[in-house]
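Presented below is the structure to which this report refers.
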Amino acid sequence: MQVLLGATLIDGTGASPVPDAAVVIEGERVVAAGPRAALSWRPDAERVDLSGFTILPGLIDTHDHLASHGYALTKRWGLDEPASTTHLRTARVLEQTLAMGYTTVRDAGGLDVGFKIAIEEGMIAGPRLSLGLKIISPTGGIGDSISPSGHSCWIPADPNLPDSVANGVHEVRTVVRTMVRAGADAIKCATTGGASSRPGHGPTDAAFTRDEMRVLVDEAHALGRKVMCHALGGPGLRLAVEAGVDSIEHGCYLADEPDLIAMMAERGTVLTPTLLVYVYHRESRAPHVRERARALYARHLETVQTALAAGVKVVAGTDAGGHDHPANARELECLVDAGMTPLQAIRAGTGLAAECLGLEKTVGTVEGDRLADLVAVDGDPLRDITLLQRADHIMVVWKGGKICVDRRGGQIPAAEDQPARHNR
Ligand SMILES: [Zn+2]
């Protein structure tokens, strides 16, 4: 048994911070957490003094692309280096992401089940993973690998990342089952284009029919998987919400559809705005991407504010991959810029994020019977949310009660140098 003493506790439930807290850990789980004076523990418990630090639940990114290292076609199609080099690059991102306090990450496409197995077996360090494997869309949608000139990707399909293009209800049901067979924890699909999708399939261009989406949601739920749906605006966004997906990813133009926001609040459909990726796309070298990202900016901010006011659960997902790894906590700063309080932003990246993944009984909050996934931060992130982006402030990270990163000695490994910050 160990007891973490003296820190301020932000427990991830949205409750006010608790000064001079105690967190009692037995094995891999938290037994109790709260004001030191209100708790007791066995006399032989190991006492760890964390005065001056803030303890948070391990951070959660609900939308990442851990195996993506750039938007150029040569990167997307894996043409510029051997697959083994790319895999090792991905392993390094996993390790760095954990070292920044991210103990759980949902991958929204591109990471195969082998990385999850390697982490669970202790071969490499990394967060707990929830995998979407690949983005399901019809022909011409964002799951369809087409170059801007119209050429198909000729790289042979990886059986661990099955082909995700499906047309018609029969193929859609089959592809959902195929994803689950290959290890998907969540079903990722897309009913619109996006900022970075091919010219001709933009943020308000629709994909899938009503029947196809109903079958997708029905089959995913029958297999116990949540559906995370990329949908930015227009009829495809309406289709996704009405079909009953569990989360809308991006949702930039939701502010144009007040009835959909009301429906999401009523049904508990989560919004993952992924503000960070649009900061990146606004400076894209591709003119059509830059133009789309700039065009949606104001509506996107209004969407977040309207959704929050309506009681929609808004969670933190970065859409990182090729940008912002491992400083995923920049999304929390974006959420604060969009109108959340720092406490709300932390909840969006911990307790609510765990709910979004269906893991709220396991991770996301610091309370009895949750896994002891914790971060000790030097300073007060409620005063300065950007502390969570800085390796020199993420002092200790626990995963399942075990310390996996400890910078209290002042050592910041060189591999954790932060990437250059792009213009905001
Ligand atoms: Zn994404």
Side-chain angles (χ1 to χ4, degrees), residues 63 65 68 71 73 76 108-110 132 134-153 163-169 171-172 175 187-217 227-245 247-261 263-264 269 271-275 277-278 280-282 284-303 317 319:
H63 185 138
H65 297 277
S68 298
Y71 277 83
L73 204 60
R76 289 179 141 189
K134 230 170 156 186
I135 305 169
I136 301 174
S137 85
T139 298
I142 65 170
D144 191 7
S145 297
I146 292 290
S147 76
S149 56
H151 292 281
S152 299
C153 179
D163 186 17
S164 61
V165 174
N167 296 292
V169 294
E171 284 185 21
V172 167
V175 85
I187 295 301
K188 171 75 185 290
C189 62
T191 55
T192 74
S196 66
S197 53
R198 65 179 171 83
H201 188 54
T204 57
D205 295 318
F208 276 139
T209 63
R210 192 163 296 274
D211 286 346
E212 286 169 326
M213 276 307 290
R214 283 205 180 122
V215 163
L216 185 146
V217 171
V227 178
M228 56 185 307
C229 183
H230 163 114
L232 275 69
L237 175 61
R238 176 164 296 277
L239 182 60
V241 176
E242 290 180 353
V245 303
S247 63
I248 293 291
E249 309 295 310
H250 320 302
C252 314
Y253 288 104
L254 264 171
D256 294 346
E257 324 271 354
D259 65 313
L260 293 184
I261 291 184
M263 195 181 291
M264 288 174 69
T269 312
L271 172 64
T272 310
T274 69
L275 295 162
V277 73
Y278 299 101
Y280 174 73
H281 285 327
R282 285 201 292 277
S284 171
R285 284 197 292 179
H288 75 283
V289 175
R290 201 164 59 227
E291 191 185 307
R292 288 168 176 175
R294 290 180 183 182
L296 63 78
Y297 178 45
R299 298 308 282 153
H300 203 186
L301 283 183
E302 200 180 327
T303 287
D319 210 6

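Quantities reported herein were computed from a predicted structural model and do not represent experimental measurements. Counting from 1, the numbers follow the sequence of the chain as shown.
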Atom CD of E291 with >12 non-hydrogen neighbours under 6.0 angstrom: no

Y297 atom OH, neighbour heavy-atom count above 12 within 6.0 Å: no

With E249 via salt bridge (charged side-chain N to carboxylate O under 4.0 Å, His left out) - residues at least two apart: R106

Looking at side-chain heavy atoms only, is the closest gap between [X] and [Y] below 4.5 Å?
{"X": "M263", "Y": "T269", "value": "no"}
{"X": "T272", "Y": "M228", "value": "no"}
{"X": "V217", "Y": "V245", "value": "yes"}
{"X": "T303", "Y": "P273", "value": "no"}
{"X": "H281", "Y": "Y71", "value": "yes"}

Taking [X] for its side chain and [Y] for its backbone only, find out whether a donor-acceptor pair lies under 3.5 Å.
{"X": "E212", "Y": "T209", "answer": "yes"}
{"X": "R198", "Y": "G140", "answer": "yes"}
{"X": "D144", "Y": "G141", "answer": "no"}
{"X": "H300", "Y": "A295", "answer": "no"}
{"X": "H63", "Y": "D319", "answer": "no"}

Please name the pair of heavy atoms, one in [X] and one in [Y], separated by the smallest distance, quoted to 0.1 Å.
{"X": "S137", "Y": "G143", "result": "OG-N, 2.9 Å"}
{"X": "C189", "Y": "V227", "result": "SG-CG1, 3.8 Å"}
{"X": "P203", "Y": "G194", "result": "CD-O, 3.7 Å"}
{"X": "P138", "Y": "A190", "result": "CD-O, 4.5 Å"}
{"X": "L237", "Y": "G251", "result": "CD1-CA, 4.5 Å"}
{"X": "R290", "Y": "S284", "result": "NH1-O, 2.9 Å"}

Residue that, paired with V165, satisfies side-chain contact (heavy atoms from CB on, under 4.5 Å) out of I136, V175, I135, T139: T139

For the atom pair [atom1] ([X]) and [atom2] ([Y]), what is the distance rounded to the nearest 0.5 Å?
{"X": "T192", "Y": "L239", "atom1": "OG1", "atom2": "CG", "answer": "10.5 Å"}
{"X": "E171", "Y": "L216", "atom1": "CD", "atom2": "CG", "answer": "13.0 Å"}
{"X": "S145", "Y": "R76", "atom1": "OG", "atom2": "CZ", "answer": "8.5 Å"}
{"X": "I248", "Y": "T274", "atom1": "CD1", "atom2": "OG1", "answer": "12.0 Å"}

Qualifying residues under ring pair (Phe, Tyr, Trp, His ring centres under 6.0 Å), relative to H230, sequence neighbours excluded: H250

With sequence neighbours excluded, residues passing ring pair (Phe, Tyr, Trp, His ring centres under 6.0 Å) with H201: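 Listed in chain order: nothing, the list is empty.
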
Test side-chain contact (heavy atoms from CB on, under 4.5 Å) applied to R238 - qualifying residues, sequence neighbours left out: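 Counting only residues at least two positions away or on another chain, R238 forms a side-chain contact (heavy atoms from CB on, under 4.5 Å) with E242, E257, D259, L260.
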
Set of side-chain contact (heavy atoms from CB on, under 4.5 Å) partners for I261, sequence neighbours left out: L254, T306, A310, V312

Side chain to side chain contact (heavy atoms under 4.5 Å, CB included) assessment of S197 paired with R292: CA-CA 10 Å; S197 53; R292 288 168 176 175; 3.5 Å; yes

Listed once per pair and sorted, the salt bridge (charged side-chain N to carboxylate O under 4.0 Å, His left out) pairs that draw on residues 293-303, sequence neighbours left out: D256-R299, E283-R294, R299-E302

